[in-house]
Each structure stands twice: as C-alpha cells, then as structure tokens.
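Encoded as structure tokens, the structure appears first; notes follow it.
A, B, ... follow the sequence lines: proteins, then strands. Residue 1 opens every chain.
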Amino acid sequence: MKFSYNWLKEIAGFKESPQQLAEILNIRSFEVETIEKVGNDFAIDAKIPTNRISDAGHHMGFAREISAVLNLKVKNQKIGRGGNARKTVQKIGRSSIKISVAAEKLCPRYTAQELEIEKITPSPQWMQERLITCGMRPIDAVVDITNYVMLETGQPLHAFDLDKIKGGKMTIRESKMGEELVTLDGIPHTLSEEVIVIEDTERLIDLAGIMGGRNSCVSPGTRKILVQAAVFDPAKIYKAARALNFSSAASKIYSAGIDLDRTQIGLQRVVELFTTILGAKRLGPVIDISPKKAAPTRIRFRPEHASGAIGQNLTSAFYKSVFARLGFGVQKKGTDFLVEIPSIRRDIQIEEDLIEEVARMFGYEKIAPKLPESPIALPPSNDEYFWAERVRDTLVGAGFTESILYEFTGDRELGEFRANAEQAPRLENPMNPETKYLVPRVLIKYISSVAENLRNFDSVRIFGIAKSFRKEGGIIIERKDLILAATQKGASGEDEFYQMKGVIDQLLEGIGISDHWYDEMIESRIKNQESRVFHPYRMAEIKIGDEKIGNIGEIHPAILKNIKSKARIVAAEIDMATLAQLATAEQEYRPIGKYPAVVRDIAVRVPHDTRAEDILNIIEPTGGELLIDTDLFDYFQDEAMNESDQKSLAFHLIFQSPERTLTDAEIHKRMTQIQEALEEKGWTVRS
Amino acid sequence: MQHNLIKIRENAEKEISDVVTRDALETTRIQYLGRSGALTAILRSIKELPEDERRKVGEEANHLRVHIEHLLEEKRAHLERTNQETILQKEWIDVTRPGIRIGKGHLHPITKIRREIEAIFISMGFGVVEGPEVELEHYNFDALNLPETHPAREMQDTWWLEHNLKERYLLRTQVTAIQVRFMEKNNPPFRIIMPGVVYRREATDTSHEIQFTQMDGLVVDKKVSLADLKGIMETVLKRLFGDNIKTRLRAGYFPFVEPGVEMDIECLYCRQKGCSLCKQSGWIEVFPGGIVHPHVFKTAGYNSKDWQGIAWDIGVDRIAILKYKIPDLRLLRSGDLRFLRQF
C-alpha cells in the first residue's frame, strides 16, 4: 500500500525523513518495502498486514500509528476523530431513493448522500499529485474525490448516477446463481451465489464492495449523484473478489473489514470535497441505515501477565502511557486495567493483542534475550528420523550422492514409466502439465534424474529419502521411500546390480538387519504391477522373513528407451518406515575363536541357470556346524563352458571349531561329503 | 716389528677408507684380522719375541687390533646407511600426483544445513517431530487461526487436492500444521522442532519455489516469553553465521502467534549497504515467530491460563542459499550432480 509522505507529515507533524521514518516503522509497526521519490513527494510503500488495514490502511490511520510510535499528538484531528456528521449536517428535504438491506449481516451500515452538480471537471492539481504518489490514476473530480477520501479515511466510496437508478429503490442482497452484470470496466460477469449485489427495481446495478455496474455509473453527462459509504460483510467480499479474480484497494479494505463508525466520517468528508471542488448541492438528508450502537470492546489487561509474556519487568505506569499514546481508554481495576478499544482497531480483540501493542511500543530491540529456564526433560525419541540419518551417512560413504527432487508429476512422465495414473493423487489447481499429480512412486523421479545426469557424467550414483503418495479409498497414503539409483555408461548392468545389492547388504547390516533375502518372485514377476518398472529377469523383492521391504532391479529396457537413457540404470526402493521398525542399534559381543580357522576352496561347474543359492543350499547343510562361513570368490564362464551352457562358481569354505583345533582328517572328511553331495546333483567339482 | 705395525696401520686405514661395498670390507677384515691376516700373524708371533720387547709390541699390536676393529665397524655402519639410502632412493614416488579417491558421495546442502540447525536445537533438549505433507485444511489453516475467509490465507498460495476424496486435502503450506497434531496427542511441557517439506503454488524464480524445506520450533511451558524467543533466535543465528552477525527483532504478523515478531540478519552480501539480494534494505528476514495464539491452544485442547508457548519458523532452504551463496533457489531441487557434488 502506497502512502504520500507529505500527506502523512501534514497530519502527524513529525520531523523524520522518509528513511528515518521507514527505519522506525520497520521495527515497531510494519515493513516499509520501498521509498520512491515522486515529484516533490515520496511514495512510502508499506506492507500493511491484513489485520491492520482497518486502522492503518489509510493516511489518517497511518499517521495515527506514526504518532503513537514517535509519541506525538496527532496534529490534524478534525477528520481523524470525526463522528459528528449528523450534528453539522443540516436536514434538507427528503430522499428520492429508498434503500433496503436484505440481511443486516450483509451490510451492517449503509450511508449515502444525494448530490447535484453542474458539470464534472478534473480534480485540482494537489489532489491529482497525491493520487499519483499513492499509485492511482487521476480520472475526473468525481472518481478522484472518492478515491482520495478512501486513501484519507479508509472508507471505500462509490458514486452512482442517481438518474440511472430505476424505480427510486435500491435493494442490497445476495446474488442468485447465474445472475448477470456488466461492471463499469465493460466486463460481463455471470455470478454464483453469495455475492453481495445492489439492484434497482429492474436489474442489478452494482457488485457491492467490488465494482459498480456500467448501467449505473457516473458519466460525463451526470448531474445527480448518489454517493455511498457503506460497510459490507468482509467474508462475502473476500470470497467474491477471489471467485471473480478481482482485486482493488476497496476490495482489499472491505475484505479485511472496517468498523461501523467510519461511514459517516467518510461521507462527511466526501460531501465536503464535492461541495468545495465541484460546487455540489445536497439534494436530501443523509441516508443512514445503521444498527443499534454496539457496546465498545473492553479488554482486561494484567500487567503482571504481560511482563511475564514479554519477559521484561515493565511498570503499570508504562503500560498506561502506551495505551494513552494509542488512544485507548484505560480504567484501573485493582492491579489490572480495563482497556477500551477504539472501533477502528479491529485487530485488538484479546489480551494478547494488547500485549503486542505494549511490546512493540516498548521496543523489541530493548528486550534482553535469554534462554528458557524450564527443567531438562528428555525429548521423545524419533526412530524413523534417526535411522534415516544413519542411512544417509552410510550411503554417502558408499559413494552415493543425496538428491532432493520435486514430488510432482504429469501424464507424460507417468506414461514413460508405464505407471498407472489412477492411483496418483490429482491436484485441483495444477500450474502446468508437470504438476498435475503428486508422484505415486517417487522412484521414477530419481530414475529420470539419473538419465538427465548422464548428459554430463559417465557414472551416476544417487539416493534420496522422499515421499510417494497414493490415493486409496478416498484418502491419501503417504509413504517415505529410500531410493537408490546408479548407472555406468557402457556397462552391461550386471555388475551394477551386484554392486547395488552389496550396498544394500552393507546398509542393512549396518543398521542391525542381517536376515534379509532377495525373492526372485518367479511366478509373479511378469504380472506384478510394481515390477513393470523393472527388467523382469533382473529384479528381486527385498524381504525380511515374509515381509517385503522393497525392490531392487535394473530398469526395464522399454522405460530406458522412453526416457532416452544413455545407459542401463539399476535402482532400489525401500520403505523407510518398515526399515526403521526393523533396524536395531543393539549389538552383542561374540567370543573371538581361540582355535585357528581353516580355509578350503571348492569349484563347482553347473548349468548356466543354476543359482548360487542352489549350490550353497547343498554346501551349507552338508558342511554342518564346523563350516562357519562360505564366500563366493569366483563366478566364471569361458568359451567352452559358454558353448555347453555351463558356468563355474568357486567358494572359500571356512571351517572352525570353538573347542579345538581341527585336524586335516576331519576337514577332509567334510570336504569329501560336500563334494559327493554336489556331484549327486550331476555337477562337476574341483577342490 | 714396530715398523711393521705402523705399515699395517697405514695400509689398513687407507684400505678401509677406500672400500665401497660390504663384501670388500669383509675381505679387508680377513686380510688383517682373519686367521691368516697380517695383524693376526704379528699377534701370533709375539710369544717368540724377547721378554722386554714382547710386552711393548703386544700392547701396540692389541691397540692396533682394537683400532682396526673400530674402523671396520664404523665403515660397516656407514655402508649400511648408504646402502639403505640407495634402496629408498630408488623407491621414490611422485607425491604431486593426484590422490586416489575412494568415491565418497555427497550430502545434499539442505540436509547439511538442516543437520546444523537441528544439532543446535537437540543440544538444547529439543525433540524432532514430523507430520504429513498432504494435510487437512483444518491443521494447516483453521486450527492456526486462519479461517477460510481470512485474507491472510492469500499470503500462502495453496495447492489443493482433487475434490472427490473423503476430506478436503491440501499440500501443507507450512510445517506449523504439525503443531496442533502434536499437541492433541502430547501434554506440555515440551520443546520440539518440526522439519519438513512445504508447498506454495506460485511462480518460481531465483528466490521463490513451489516446494521447499522449513523447520518450525515450539516450546510450551509454564513460563516462556518473548525474551526466551529472542534468546533462541539469536543463539541459532550466531551458531549458523558466527558471533559477529548482526540481528534485529521487529514486529511481524502471523495469525497463529500474538504478539508476532520477525528476526532479520544483516545482508551477508552487502553487510547492510543495500544490494539487490536484500532489496536495498540491508536486512534479510530469516526468522518469524511469536507467542502461540490462544486460538491454537484452544483448538489443541490446552488451557491458555496454564500454559505459554513460543513458536518460530526457519526457512532451511533460505539459510542454505545464504550460507553457501547459491544464486538460485531452484538449483536445490534440480538433481544436477554438477551442483550436488560441490557439497
């Protein structure tokens, strides 16, 4: 909101320069965003918060705020105090127009005055200059005077051409669905319900508080004017302005709400200016439809409580002086105060609001900082958060870089990943096709990112902990996923898969999970929805017991083609909540073997489609308790083997007893048994 | 005889001094001290000398033996040293060649800053609490004293979810939405921080994003005040930006706190001279906060008479771009490794 520095100075009578003023207001009141020189004035653009628009969103009020902050008396109080319009205005004739309000809440106060003018001239130079400083374009005296008085008093005003109002009657009511009106900017509107409108006996003539109708507006030939100063329901104006995507100084003031006493101040001032500038004559009495005067707001203020909240011992005398500066009435009630709030201060409704007033008048810069004194209590632990941090550190150590990505997606991306859009939560107000949905499976964002990074790098390893969103039965399921994705240009994908698997093994072991396994899901891999992202013969579910915690696999070649990836990509997704549940920090010492371990090697030649696990499933039970560990150290296929569709796997077998040194004979016996068991399967063994 | 000894001394001294290998040294030793060595021969022949000469020559010959042994030992040690030196010299490596890295990854700058801030609060006894990103209108707005027709809602342009769901969902515009959720299930006193992702529906540019990270804080206790809030804010900012950072606390407006304040830090680029980053003001807003509004306590089922709360918010992304001097907020979520690998 822009204010004229000269105008404020004229009302408040301060000596501060625009910069000095801005500095003080920034701390005590609200932010001054810019100061701009306009002619020989300055435009002060201040960010008035919505709760202060009522009292400080105009020059009289802004000057009052400045006076309070600088501890000055408001110099020109004639308009600021106001409230005696009825007394000074002579009763003249009778109104030619009858106003009715459908419901008091819609328009709790309506005041207006009928005027006659000879012709519409431009407004005087001084007024035009002030309007320009405040960012408004001078048009003619009628428009300019109404705008000027709004800038001055915070009361929005509107001038109707009295001769265009049909039937001598105006009704203020809520709109019905589908009603139509062309506003004075020439734009036709079809209304929904709940917009406050004014109609005459034939048609709608005004969108109250928003914009006048073209059919009732003042034009160069206008001689009779009805100038209106009213109060409308702020919520209704706010909603209508939003629905119509319309915003003006008046609609902003109305949306924030104004007090009922202001209409007569505004009306008196506007009539005064119409009279002096346009020589207007009043045609009838002041029209005033107003409710019973409401009792003023009084709030109990406890100085001790306020000092506690501010954290500073302030005296009753200080509090009293602040309220006086702000123009609040103060009554002593024992040690407490009863503070009477002027109607213009709509932001002050509870004791805390008063505490804010005294705190800012005292000065936040003067509060002595300290730290809370409360006793130390252990905060609740947050396991999921703790483990997520552990996972991040482990993966960074393993060469993965953390990436944080947008959680939106669109039809194109979902299509590329052959994902089902049905489960993706749709946004009601997307900004573009890429923000149509929340991502149902955040894995795809990371895969896309890997493919993009391949333009600059040959090797990419990234991870992230991010959310996937799914729509299920009318609610949104939010899941925190750990995603890993890696690629190496020119690689076959196989090594990358085993590297990824190794990283996951290390990661899980590092957080106390060692009994996980990889399920090939031979039966379901083709049909499985989830696995559509992965290469059907290069993927596995990661499981602990029967519980699935995630997937690992190479991305399906069809998808790689869709996203134009320059290399194969291997990825894994793991449910963080389950991971955190299963993770454990507990560890227990196991005695270090006193007797030496003996290592023997064995190589097995098996058909190509035999799995390493199939071989170990024979070796391990046969080896018995003394076989404490096995280690696959060679996975090999030469041309001859390739032709016969065979491969060779070699293992270190580690034997150890906790009780004695093993003899050659004992180990030999075990090795023979293992060899025989393997040969029984028809495999060739070398040891 | 004595003449012989002098000769042996001269020869031995010269030969030992000329020797360059350990083998030659051994040969020299044998030549003088070996079974048939020159000095050995003299020592052996002493007993054949007359009584008076025997003692004198014997003494001198023994001295010479000790002398030669000493020279041999000295030379042996010297040769060993130089020999090892030669081997080591051959093993010279070029230390200026680049080191071999083990391929460590990088934490995201947001994570680094988030942890830095969290560590400060955790050391002050704060717990970490999270909440859903898809939030109910109630927790994000209404419970926070922002009813539907509150014009302040316009400050936070909102992403709404489709209508055909069981409830009216939105993408939370502030992690403050976690406040009432937490308070409904927990009793004071407590002190928590609430990190998380939030969303605003607005046009993006170098300082505006549709998705960013915030960290709110909340302390509810019998007695907490603006002075405590100011203390917390200053402590955090000093830890983050150094003890000399200048701060200012000023009036602010957020419907869920009353009084509402905001702490600024001096602009790190221009140090209060005024630049484009701080819009010529010299200050950058980083820390809004205030005393919890009674409406929020009421919605959460707390009695405002019994409890006081202070709350604040830190824009984690904003701190990250300030600390690392990142010119464009949008780089943070670009996923570009050319950016991420710098941290």
Side-chain angles (χ1 to χ4, degrees), chain A residues 26-30 49-51 235 238-239 255-256 308-312 350 352-353 355-356 359-360 364-365 367-372 374 376 379-380 382 385 392 395-397 399-407 425-429 431 449 453 456-457 460-461 467 469 474-476 478, chain B residues 103-108 110-111 124-130 132-134 149 151-152 159-163 165-166 169 189-192 201 210-211 219 221 223-228 230-232 234-235 248-251 253 258-261 291 293-294 308 332-333 335-338 340-341:
Chain A
N26 271 332
I27 300 287
R28 300 286 162 94
S29 307
F30 17 70
T50 49
N51 68 333
Y238 174 73
K239 272 170 116 173
S255 296
I310 298 168
Q312 197 79 31
I350 54 175
E352 280 69 18
D353 297 321
I355 295 174
E356 174 165 271
R360 66 192 186 91
Y364 293 119
E365 75 280 7
I367 295 177
K370 63 184 200 64
L371 290 175
S374 45
I376 293 174
N382 184 338
Y385 208 70
R392 284 188 180 97
L395 292 176
V396 166
F400 283 76
T401 292
E402 187 186 18
S403 187
I404 298 177
L405 301 166
Y406 295 100
E407 290 170 12
R426 227 179 42 246
L427 289 154
E428 185 186 280
N429 50 350
M431 285 174 76
S449 181
N453 274 300
N456 300 310
F457 296 94
V460 176
R461 293 180 133 198
K467 292 223 168 142
F469 304 88
I475 58 165
I476 306 292
E478 222 170 279
Chain B
K104 210 175 147 291
H106 305 261
L107 278 178
H108 196 281
I110 292 177
T111 302
M124 292 194 277
F126 282 71
V128 181
V129 176
E130 292 179 280
E133 288 171 32
V134 173
T149 52
W159 294 92
W160 293 93
L161 269 82
E162 54 188 303
H163 258 296
L165 300 167
K166 282 200 176 130
Y169 287 108
F190 61 79
R191 39 180 97 171
I192 55 168
R201 189 185 179 282
I210 54 173
Q211 184 182 327
V219 178
D221 214 318
K223 268 182 144 181
V224 279
S225 67
L226 282 178
D228 296 314
K230 191 176 180 185
I232 288 172
E234 282 187 358
T235 304
R248 69 172 188 189
L249 187 64
R250 59 180 174 85
Y253 171 61
E258 188 70 40
V261 293
I291 292 188
H293 195 286
Q308 283 257 297
L332 291 173
R333 283 175 174 75
D336 191 335
L337 283 168
R338 290 172 298 177
L340 296 172
R341 285 186 182 176

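Within the 4.5 angstrom heavy-atom criterion, atoms from both the backbone and the side chain of B:Pro132 approach chain A. Heavy atoms closer than 4.5 Å to chain A are found in the side chain of B:Glu234, but not in its backbone. In this structure, chain A has heavy atoms under 4.5 Å from both the backbone and the side chain of B:Glu133. Contacts between A:Ala359 and chain B at a heavy-atom distance below 4.5 Å involve the side chain alone, from C-beta outward. Contacts of B:Lys104 with chain A are made by both backbone and side-chain atoms, with heavy-atom separations under 4.5 Å. With a threshold of 4.5 angstrom between heavy atoms, B:Tyr169 approaches chain A through side-chain atoms but not through N, CA, C or O. Using a 4.5 Å cut-off between heavy atoms, B:Val128 touches chain A through backbone and side chain atoms alike. Of the two parts of A:Asn456, only the side chain, counted from C-beta on, holds a non-hydrogen atom closer than 4.5 Å to a non-hydrogen atom of chain B. For A:Asn453, the part lying under 4.5 angstrom from a heavy atom of chain B is the side chain only. When heavy atoms are compared at a cutoff of 4.5 Å, B:Leu337 approaches chain A by way of both its backbone and its side chain. If you measure heavy-atom distances from A:Arg426 to chain B, the contacts under 4.5 Å come from both the backbone and the side chain. Interface remark: B:Arg248 contributes side-chain atoms only to the contact with chain A (heavy atom separation under 4.5 Å).
In this structure, A:Ile310 and B:Leu226 approach most closely via the heavy-atom pair O-CB, 3.6 Å. When all heavy atoms of A:Ala368 and B:Ala227 are compared, the closest pair comes out as O-CB, 3.4 Å. What you find for A:Ser449 and B:Gly335 is that their closest heavy atoms are OG-O, 3.6 Å. Taking both residues in full, the closest heavy atoms of A:Tyr406 and B:Gln211 are given as CA-OE1, 3.1 Å, listed atom of the first, atom of the second, then distance. Taking every heavy atom of both residues into account, B:Trp160 and A:Asn429 meet most closely at N-OD1, 3.0 Å. Across A:Pro372 and B:Arg191, no two heavy atoms sit closer than the pair CB-NH2, 4.3 Å.
Within the 4.5 Å cutoff, the side chain of A:Glu402 has no heavy atoms near those of the B:Leu340 side chain. At least one side-chain heavy atom of A:Met431 sits under 4.5 Å from a side-chain heavy atom of B:Trp159. Counting heavy atoms from C-beta outward, A:Ile350 and B:Pro294 have side chains that approach closer than 4.5 Å. The side-chain heavy atoms of A:Leu427 and B:Leu161, taken from C-beta on, include a pair separated by under 4.5 Å.
In this structure, the separation between NE2 on B:His108 and CG on A:Leu405 is 7.5 Å, given to the nearest 0.5 Å. In this structure, OG on A:Ser403 lies 10.5 Å from CG on B:Leu332, to the nearest 0.5 angstrom. Note that OG1 of A:Thr401 and CG of B:Leu107 are 9.0 Å apart. Values are rounded to the nearest 0.5 Å. The CD atom of B:Gln308 sits 7.5 Å away from atom CD of A:Glu352, with the distance rounded to the nearest 0.5 Å. With rounding to the nearest 0.5 Å, the separation of NZ in B:Lys166 from CD1 in A:Ile476 is 11.5 Å.
Partners of A:Glu478 by side chain to side chain donor-acceptor pair (under 3.5 Å), not counting sequence neighbours, listed by chain and number: A:Lys467. For B:Arg341, there are no salt bridge (Lys or Arg N to Asp or Glu O under 4.0 Å) partners at least two apart in sequence or on another chain.
A donor-acceptor contact shorter than 3.5 Å links the side chain of A:Glu356 to the backbone of B:Gly260.
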Going through the distances and angles, do A:Leu371 and B:Ile232 end up as a side chain to side chain contact (heavy atoms under 4.5 Å, CB included)? CA-CA 6 Å; A:Leu371 290 175; B:Ile232 288 172; 3.9 Å; yes

Check step by step if side chain to side chain contact (heavy atoms under 4.5 Å, CB included) holds for A:Lys370 and B:Asp228. CA-CA 5 Å; A:Lys370 63 184 200 64; B:Asp228 296 314; 2.7 Å; yes

